[in-house]
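One structure is given below, encoded as structure tokens.
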Amino acid sequence: SEERGMVLTGLVGLEDPPRAEVTDAVARCAAAGIRTIMVTGDHPHTAKAIARAIGLAQQPVIVGGTELQRMSQIQLQLALDAPEIIFARVGADQKLRIVQALKSAGEVVAMTGDGVNDAPALKAAHVGVAMGGRGTDVAREAASIVLLDDNFASIVGAVRLGRRIFDNLRKSMSY
């Protein structure tokens, strides 16, 4: 066929590293009592490498989409109790299932997303956060908040500001 006689002369690799400010944002979330769980369509090895790079998890439990599909609701609840968990190669229905499981456990859930497949989970979360720059119209319509700068660190700043406002309101009401 056409490939006969060809010689490999090179290989190209592409990298899309996390933004520099994400590591600090993840650490500030943890310090503020906010648990961050990675839910991605990426390959498990990619997800694990990114989680380590941003300080999200060092020895995470990784649950793949196929494994998640086979889990009962109780098994999923138990998996969510792991201190460091990553969901990789998950689809839209599985993202929704994770959000619903967290909500049924009494967690307040914020979900970020940018694609059509994120829309059901964005809608189901207490706070859906869509990426405004690279996000799809479907994700933006499903979300309650749209980040104009597509930056996770902006969420952390907004939570800090919201907590300060809430605290000030509480102080003024009790006064």
Side-chain angles (χ1 to χ4, degrees), residues 14-44 46-51 53-57 60 62-66 68-69 73 76 79-80 84-169:
L14 301 174
E15 181 182 9
D16 184 14
R19 292 180 181 199
E21 62 271 14
V22 172
T23 302
D24 181 54
V26 168
R28 287 191 300 164
C29 281
I34 299 170
R35 182 177 180 205
T36 305
I37 300 173
M38 183 183 290
V39 180
T40 180
D42 288 341
H43 189 277
T46 304
K48 186 176 183 179
I50 292 170
I54 64 173
L56 179 62
I62 300 177
V63 177
T66 307
L68 178 58
Q69 197 72 34
Q73 196 61 26
L76 175 56
L80 285 167
E84 295 184 341
I85 188 161
I86 294 172
F87 293 94
R89 285 281 195 241
V90 294
D93 59 327
Q94 295 166 330
K95 290 177 183 182
L96 175 60
R97 186 172 174 217
I98 293 165
V99 168
Q100 290 170 333
L102 287 165
K103 285 175 69 176
S104 71
E107 301 288 343
V108 175
V109 181
M111 166 77 183
T112 64
D114 61 2
V116 173
N117 65 334
D118 296 319
L122 287 169
K123 191 77 170 167
H126 291 103
V127 180
V129 182
M131 302 301 151
R134 66 170 193 239
T136 62
D137 289 340
V138 175
R140 287 192 294 267
E141 289 294 322
S144 34
I145 297 174
V146 177
L147 287 181
L148 298 177
D149 63 358
D150 291 0
N151 192 339
F152 181 77
S154 296
I155 298 169
V156 178
V159 169
R160 186 176 60 231
L161 182 61
R163 284 182 173 180
R164 186 178 328 142
I165 292 168
F166 179 78
D167 199 40
N168 287 339
L169 284 172

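Heavy-atom basis, side chains included; hydrogens, waters and symmetry copies ignored. In this text, all values refer to a predicted model and were calculated from it rather than measured experimentally.
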Quiz: residues 25-34 side-chain donor-acceptor pairs under 3.5 angstrom, not counting sequence neighbours:
from, atom 1, to, atom 2, distance (Å)
R28, NE, D24, OD2, 3.3

Give, for atom [atom1] of [X] and atom [atom2] of [Y], the distance between the pair rounded to the nearest 0.5 Å.
X    : Y    : atom1 : atom2 : answer
T36  : I155 : OG1   : CD1   : 9.0 Å
M38  : I54  : CE    : CD1   : 4.5 Å
T46  : D16  : OG1   : CG    : 11.0 Å
M131 : T136 : CE    : OG1   : 11.5 Å
I86  : I50  : CD1   : CD1   : 9.0 Å
I145 : S154 : CD1   : OG    : 11.0 Å

Evaluation steps, side-chain contact (heavy atoms from CB on, under 4.5 Å), between I37 and L102:
CA-CA 11 Å; I37 300 173; L102 287 165; 4.2 Å; yes
List for me each residue that meets ring pair (Phe, Tyr, Trp, His ring centres under 6.0 Å) alongside H43, sequence neighbours excluded, and say none if there are none.
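Counting only residues at least two positions away or on another chain, H43 forms a ring pair (Phe, Tyr, Trp, His ring centres under 6.0 Å) with H45.
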For A125, what residues pass the side chain to side chain contact (heavy atoms under 4.5 Å, CB included) criterion, not counting sequence neighbours?
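For A125, the residues satisfying side chain to side chain contact (heavy atoms under 4.5 Å, CB included) (neighbours in sequence not counted) are V99, V109, M111.
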Using modelled atom types only, decide if a donor and an acceptor are shared between the side chain of T40 and the backbone of A88 within a distance under 3.5 Å.
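No: the side chain of T40 does not pair with the backbone of A88.
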Does Q94 reach the main-chain N or O of G91 with its side chain, forming a donor-acceptor pair under 3.5 Å?
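Checked: pair present.
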Test of understanding: with side-chain hydrogen bond (donor to acceptor under 3.5 Å, both in side chains), list the residues that count as partners of E21, not counting sequence neighbours.
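Only N151 meet the side-chain hydrogen bond (donor to acceptor under 3.5 Å, both in side chains) criterion with E21.
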Which is it for I85 and R35 under the side-chain contact (heavy atoms from CB on, under 4.5 Å) test, yes or no, and what are the steps along the way?
CA-CA 10 Å; I85 188 161; R35 182 177 180 205; 3.5 Å; yes
Would you say that more than 12 heavy atoms from the other residues, nucleotides or ligands in this model lie under 6.0 Å from the CD of E84, or not?
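Yes, enclosed.
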Of the non-hydrogen atoms in A139 and G113, which two are nearest, and what is the gap between them?
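Result for this residue pair: CB-O, 4.4 Å.
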Which heavy atom of A124 sits nearest a heavy atom of K103, and at what distance?
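For A124 and K103, the tightest heavy-atom pair comes out as O-NZ, 2.6 Å.
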Given side chains that start at C-beta, do those of L80 and F87 come closer than 4.5 Å, heavy atoms only?
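Side-chain contact under 4.5 Å: yes.
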Pairs flagged by side chain to side chain donor-acceptor pair (under 3.5 Å) wherever residues 106-120 is involved - sequence neighbours left out
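Sorted result for residues 106-120: K95-D118, D114-R134.
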Of all residues at least two apart in sequence or in a different chain, which pass the salt bridge (Lys or Arg N to Asp or Glu O under 4.0 Å) check with R97?
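Salt bridge (Lys or Arg N to Asp or Glu O under 4.0 Å) list for R97, sorted by chain: empty.
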Would you call R140-D137 a salt bridge at under 4.0 Å N-O?
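Salt bridge flag = yes for D137 with R140.
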